[in-house]
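The basis for the numbers below is simple: all heavy atoms, side chains too, and nothing from hydrogens, waters or symmetry mates. Protein chains get the first letters and strands the later ones, always in sequence-line order, with residue 1 at the start of each.
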Amino acid sequence: MTSTTEQQPQTERYEPGAIEQRWRQRWEESGLYRTEDHVEGRDNWYALTMLPYTSGDLHVGHWFAMAPSDALARFRRMRGYNVLFPIGFDAFGLPAENAAIAGGAHPKDWTDGNIVHMREQLKRMGTMFDWTREVDTSSPDYYRWTQWWFLQLYRQGLAYRADAPVNWCPSCNTVLANEQVVLGACERCHAVVEQRAMEQWFFRITNYAEELLANEELEWPEYVKLMQRNWIGRSEGSEAAFALETPAPDGTDEIRVFTTRPDTLHGVTFMVLAPEHPLVRQITTDEQRGEVEAYVRAAGLASELERQATDREKTGVFTGAWCVNHLTGDRVPIWIADYALATYGTGAVMAVPAHDQRDFEFAEKFGLPIPVVIAPPEWDGQPLAEAYVEPGTMVNSRSFDGLPSEEGKAAVTAHLEAQGWGGPKIQYRLRDWLISRQRYWGAPIPMVYCAGECGIVPVPEDQLPVELPYDVEFLPTGQSPLALSEEFVSTTCPACEGPARRETDTMDTFMCSSWYYMRYADAVNGASAIAPGPATAWLPVDQYTGGAEHATMHLLYARFFYKAARDAGTVPGDEPFTRYFAQGQILGPDGRRMSKSRGNVVPPDDQVDQWGADTFRAYLMFLGPWDQGGPYDVEGIVGVARWLRRVWSLAADPPAGGGAAGGASREALREAHRTLERVTEDYDGFDLNTAVAAMMELTNTLVRTREAGPVDEADWNESLRLLLLMLAPVCPHIAEELWERNGQPYSVHQQDWPTADPALSALETVELPVQINGRLRDRIDVPPTATEAEVRALAETRPRIAELLDGREPERVIYVPGRMLNLVLR
RNA sequence: GCCGAAGUGGCGGAAUGGCAGACGCGACGGUCUCAAAAACCGUUGGGCUUCACGGCCCGUGUGGGUUCGACUCCCACCUUCGGCACCA
């Protein structure tokens with residue numbers, strides 16, 4: 001690659017457009033990225049990037065998520081692993097249907113068209129995706145198995161049907177999961193969410209609450225694990241029963257509550273039921289009925305937003321009914337108030353106004369007594385100005401008086417248990433996963449309702465998939481469009497062969513994305529969702545990357561799903577994603593979220609057209625730390641473009657050979673080895689920005705070396721070879737092109753990662769800062785291995801140091817070899 | 001309100017107990033050019049000082065502390081971002 005002949009007057013310019021297209025074609029034709037389940041002598045490595053939703057257009061965020069993932073997957077491959085790096089499409093969901101309702105194309109046509117377009121966009125990225133394993137979650141070949149999983153969970157007792165208050169979006173005309181309600185509004189359309197009762201399918205994710213909570217061992221960002229733990233929200237406390245003074249018509253004779261403060265049980269002065277609590281209707285006295293019903297009605301209509309406003313004044317109504325506190329024998333009035341949540345605990349709260357701020361505010365407003373049962377330290381016996389929630393000493397608590405409240409918790413709980421009035425209880429904030437959607441564009445729930453005696457009957461596996469009919473009406477009626485399709489709805493009961501109706505709800509799309517990574521391992525299997533061979537070959541995923549906005553939804557659902565699959569014997573291990581890395585969010589040039597309405601969207605296709613995929617990839621990785629994201633500065637990319645032009649010129653316009661061995665080109669080679677150490681470490685630690693910076697430095701050194709005169713050919717060639725190998729993961733096309741031009745065998749992406757030679761990478765001398773009293777005063781060149789005595793002796797010969805020492809003996813000498821020397825006088 | 005993360009040049013960032021500002025953008029100056037662009041070279045935290053080489057002081061959100069030495073560790077506060085939010 002050096003030239004001893006006269007230099008060409010005109011050097012060929014770097015034209016990314018032409019070479020990138022050519023290499024992608026060559027890679028595809030040679031099956032370079034085809035991944036086998038097993039390769040002799042190589043361990044498997046499963047690298048996964050979150051699959052994109054089929055919105056129709058790739059945005060910079062997709063590139064920011066996928067291009068660095070690809071670089072790291074390529075690096076793993078060069079490090080000797082058999083790497084699976086698949087891609088697919090999350091293709092079910094509301095936008096497709098909204099497009100249809102808006103009078104556009106059919107959801108299927110809309111989605112299929114988007115996939116075709118996005119597949120082409122993805123291919124321009126130059127990734128090592130194995131397209132033979134592509135997954136489309138809306139294809140019957142895929143959702144057939146999503147339905148199979150539903151049946152599997154049903155068999156495991158993890159799917160059930162329940163009537164429950166649900167979040168209803170009046171605009172989308174559908175039920176939303178708690179996670180899809182943001183600040184009381186619909187996550188997608190921002191309409192204000194109402195409450196409605198409906199019969200729905202749930203998954204018992206709460207069965208796995210403890211196991212999901214135990215996530216400490218996962219190699220995930222700590223903050224994501226913490227978010228999940230907070231989301232699950234484990235609370236230790238007690239359950240306590242209060243006897244109804246008058247049993248309810250259905251025979252219920254007590255109200256059970258969950259409390260984290262059993263030590264305050266003697267201070268209960270009223271009970272609060274959630275307005276939706278089933279007992280409300282039964283125990284309300286005729287006298288109070290009118291007021292109570294009005295309140296319940298108002299609470300149902302009140303938006304989630306209104307109910308969730310924390311600074312709102314407390315409201316509530318007395319039911320007219322009373323219960324009895326077993327511990328004291330006191331009569332306790334039963335109120336309803338919307339600060340009690342129907343979906344947490346038992347939907348009922350024992351109110352201890354002296355020691356809970358919410359209860360305190362309620363009691364003050366309605367003139368209820370506020371007896372102190374936990375004395376604050378130095379308490380003067382006067383009424384409290386606000387609830388005292390800290391630990392203290394139990395008072396007015398009969399036989400428990402004098403006990404520290406923290407000990408009182410266990411003592412009271414033990415007493416409750418002994419008397420049969422309750423006992424210890426662990427409560428979670430996590431709710432079961434509501435998966436029913438009254439929508440068309442999703443996987444139909446494979447259940448049948450028999451008109452006869454059989455009740456709810458699962459569709460037999462050999463009748464899957466329950467296919468989505470193409471011809472349906474997309475009227476937003478509040479029912480699934482499937483309910484309007486008589487052809488779909490009417491069927492025969494699999495059990496008795498009598499008339500039956502199909503379930504018309506479809507599944508939450510998080511269901512599809514809870515197992516897609518399993519399917520990649522065995523994407524074309526027509527006989528099962530995933531066979532044992534591929535499952536053990538690839539699962540669990542070694543490295544997952546994607547946005548942390550999925551911390552409490554997708555990532556939690558997938559963990560639940562995997563554990564259920566494990567219990568069914570389908571997958572190995574306990575967790576789907578051994579390692580997870582959350583990349584940051586890329587923002588518009590103005591530092592705000594990219595959006596069409598703000599006009600700050602940077603279309604990735606334009607960047608590729610202008611600069612080439614390699615430049616764009618490298619720039620996204622160079623911007624800053626991958627986990628931080630940040631603004632996309634359209635001006636900055638030119639720096640990366642200049643760098644790659646310089647890299648190109650190193651190969652296209654080589655220096656004259658015949659230079660002295662051991663000269664500048666030897667120094668350059670030494671730097672190449674040091675760069676290799678840095679880049680290797682940086683790739684390992686996801687520090688792509690500093691890896692690119694290190695390669696830029698090496699490139700600058702090589703350019704200077706070339707300009708300085710003739711080089712030693714062997715040293716020069718080896719330096720350039722190392723640079724191209726290091727560059728290959730980040731810029732796969734230009735690395736491949738220059739690799740070939742340098743006469744190396746196809747393909748650079750199949751090469752082993754080089755090993756740095758410590759003898760070459762070691763520095764011969766370092767510039768050692770010399771400090772006096774911790775202040776930098778001079779620098780001396782010494783071998784990194786120099787002893788303290790040698791370094792000190794040399795330092796003292798320096799005029800400046802000698803002057804400052806002025807003959808004095810340092811009180812202390814601190815020497816960190818290779819880093820600095822500090823002479824402390826004082 | 002609670003939990004978590006982060007504050008460094010004009011800008012993106014580097015350095016996680018040892019030379020603050022690597023690498024890059026921008027800006028300024030220069031080479032080439034009829035000219036411009038591109039490319040290339042140089043300068044670029046602030047202040048003081050020197051004819052000059054150089055030297056000194058200040059400087060990593062604010063205030064304290066630990067240390068020979070602090071962007072880095074500790075305490076308090078301010079700001080920004082993310083999550084949760086009447087969860088009994």
Do A/Val770 and A/Arg779 have side chains that approach each other closer than 4.5 Å (heavy atoms only, starting at C-beta)? no
In whole Å, what is the span from the CZ atom of A/Arg706 to the C1' atom of B/rC41? 14 Å
Proximity to the side chain of A/Leu341 - top-ranked nucleotide from B/rA88, B/rG4, B/rC84: B/rA88
Provide the distance between the two C1' atoms, one in B/rC48 and one in B/rU33, to the nearest whole Å. 42 Å
Against the side chain of A/Arg642, the closest entry in B/rG26, B/rG13, B/rA85 is B/rG26
I'd like the P distance from B/rC58 over to B/rG69, given in whole Å. 14 Å
Please check the phosphate of B/rC57 (OP1 and OP2 only) for any side-chain N or O of A/Arg775 closer than 4.0 Å. yes
When the P atoms of B/rA15 and B/rG26 are considered, how many whole Å apart are they? 23 Å
Out of curiosity, A/Met696 CE to A/Thr699 OG1, how far, rounded to the nearest 0.5 Å? 8.0 Å
Which residues, if any, of residues 676-695 of chain A bring a heavy atom under 4.0 Å of RNA chain B? A/Asn689, A/Thr690, A/Ala693
What is the distance from CG of A/Leu620 to C1' of B/rG13, rounded to the nearest Å? 15 Å
For A/Tyr344 and A/Phe258, take the angle between the two ring planes, folded into 0 to 90°, and tell me which bin it lands in: parallel under 30, tilted 30 to 60, perpendicular over 60. perpendicular
Distance below 4.0 Å between A/Tyr223 side-chain N/O and B/rA5 OP1 or OP2: no
Gap between atoms CD and P, on A/Gln585 and B/rA6 respectively (whole Å): 18 Å
Please tell me if the side chains of A/Phe362 and A/Phe270 come closer than 4.5 Å, counting only heavy atoms from C-beta onward. yes
Under 4.0 Å, heavy atoms only, any strand: does A/Glu222 hit a base, just the sugar-phosphate, or nothing? nothing
B/rG63 glycosidic conformation (syn if within 90° of 0, otherwise anti) is anti
Any sub-3.5 Å donor-acceptor pair from A/Lys314's side-chain atoms to A/Lys365's backbone N or O? no
Which whole-number value in Å describes the distance from A/Glu549 CD to B/rG83 P? 10 Å
Closest to side chain of A/Glu635, choosing from B/rG18, B/rA22, B/rC25: B/rC25
Can you tell me the pairing partner of B/rG42 across any strand shown, Watson-Crick or G-U wobble, with both distances under 3.5 angstrom? B/rC28
Is the gap between the ring centers of A/Tyr619 and A/Trp611 under 6.0 Å? no
Report which part of the nucleic acid A/Arg593 touches: base, sugar-phosphate, or nothing (heavy-atom distance under 4.0 Å, all strands). nothing
Is the count of non-hydrogen atoms from other residues, nucleotides or ligands lying under 6.0 Å from A/Glu210 atom CD greater than 12? yes
By the Watson-Crick or G-U definition, both distances under 3.5 Å, B/rC86 is matched with none
For B/rG12 versus B/rG21, give the span between their C1' atoms, rounded off to a whole number of Å. 13 Å
More 5' along RNA chain B: A/Tyr619 or A/Arg819, using each one's nearest nucleotide? A/Arg819
Would you mind classifying the nucleic acid contact of A/Val824 as base, sugar-phosphate or nothing, using non-hydrogen atoms under 4.0 angstrom? sugar-phosphate
Given the options A/Thr269, A/Asn325, A/Ile255, A/Val332 meets side chain to side chain contact (heavy atoms under 4.5 Å, CB included) only with A/Asn325
Ignoring the backbone of A/Arg646, work out which of B/rC40, B/rC86, B/rG13 is nearest its side chain. B/rC40
Looking at every strand, decide which applies to A/Arg779 at a 4.0 Å heavy-atom threshold: base, sugar-phosphate, or nothing. base
For B/rA76, what is the paired nucleotide under Watson-Crick or G-U wobble rules, both distances under 3.5 Å? B/rU62
Using atom P in both nucleotides, what's the gap between B/rC23 and B/rG45 to the nearest angstrom? 13 Å
Using atom P in both nucleotides, what's the gap between B/rA14 and B/rU80 to the nearest angstrom? 23 Å
Does CZ in A/Arg593 sit with more than 12 non-hydrogen atoms of other residues, nucleotides or ligands closer than 6.0 Å? no
Within the 4.0 Å heavy-atom criterion, would you say A/Ile814 contacts the bases, only the backbone, or no part of the nucleic acid? base
Minimum-distance nucleotide (side-chain atoms of A/Trp231 versus B/rA88, B/rC84, B/rG18): B/rC84
When the distance from CD of A/Glu707 to C1' of B/rU31 is rounded to whole Å, what number comes out? 14 Å
Which of parallel (below 30°), tilted (30 to 60°) and perpendicular (above 60°) describes A/Trp433 and A/Tyr557? parallel
Nearest whole angstrom, please: distance from the P of B/rG83 to the CG of A/Asn230. 13 Å
Note: contacts of residues 254-266 of chain A with RNA chain B (heavy atom, under 4.0 Å) are A/Phe258, A/Thr259, A/Thr260
Distance check needed: B/rC84 C1' versus A/Arg229 CZ, whole Å only. 15 Å
Regarding the side chain of A/Val816, the nearest nucleotide among B/rG18, B/rC25, B/rC23 is B/rG18
Please check if the distance between the ring centroids of A/Phe622 and A/Trp643 is under 6.0 Å. no
What does A/Gln427 touch in the nucleic acid at a heavy-atom separation under 4.0 angstrom: a base, only the sugar-phosphate, or nothing? nothing
My understanding is that a pair needs two contacts under 3.5 Å, Watson-Crick or G-U wobble. By that rule, which nucleotide pairs with B/rA14? none
Taking any heavy-atom pair under 4.0 Å as a contact, classify A/Asn700: base, sugar-phosphate, or nothing. sugar-phosphate
Selection from B/rG24, B/rC19, B/rC3 that lies nearest to any side-chain heavy atom of A/Pro769: B/rC19
Determine the interatomic distance between P on B/rG59 and the same-named atom on B/rU72; round to the nearest Å. 13 Å
Complementary nucleotide for B/rG4 - Watson-Crick or wobble, under 3.5 Å: B/rC81
Do A/Arg431 and A/Thr343 meet the criterion of a side-chain donor-acceptor pair at a distance under 3.5 Å? yes
Heavy-atom donor-acceptor pair, A/Ser595 side chain to A/Arg598 backbone, under 3.5 Å: yes
Among B/rA39, B/rC68, B/rG12, which nucleotide has an atom closest to any side-chain atom of A/Asn822? B/rC68
Mind checking if A/Val638 touches a base, just sugar-phosphate, or nothing, with heavy atoms under 4.0 Å? sugar-phosphate
With a 4.0 Å cut-off on heavy atoms, is A/Pro625 in touch with a base, just the backbone sugar-phosphate, or nothing at all? sugar-phosphate
May I ask you to decide if A/Pro729's main-chain N or O and A/Arg617's side chain share a donor-acceptor pair within less than 3.5 Å? yes
Using atom C1' in both nucleotides, what's the gap between B/rA20 and B/rU8 to the nearest angstrom? 8 Å
Provide the Watson-Crick or G-U wobble partner of B/rA52, both distances under 3.5 Å; none if there is no partner. none
For A/Gln357 and B/rG1, what is the distance between atoms CD and C1' respectively, to the nearest whole Å? 11 Å
Contact class for A/Arg812 (heavy atom, under 4.0 Å): base, sugar-phosphate, or nothing? base
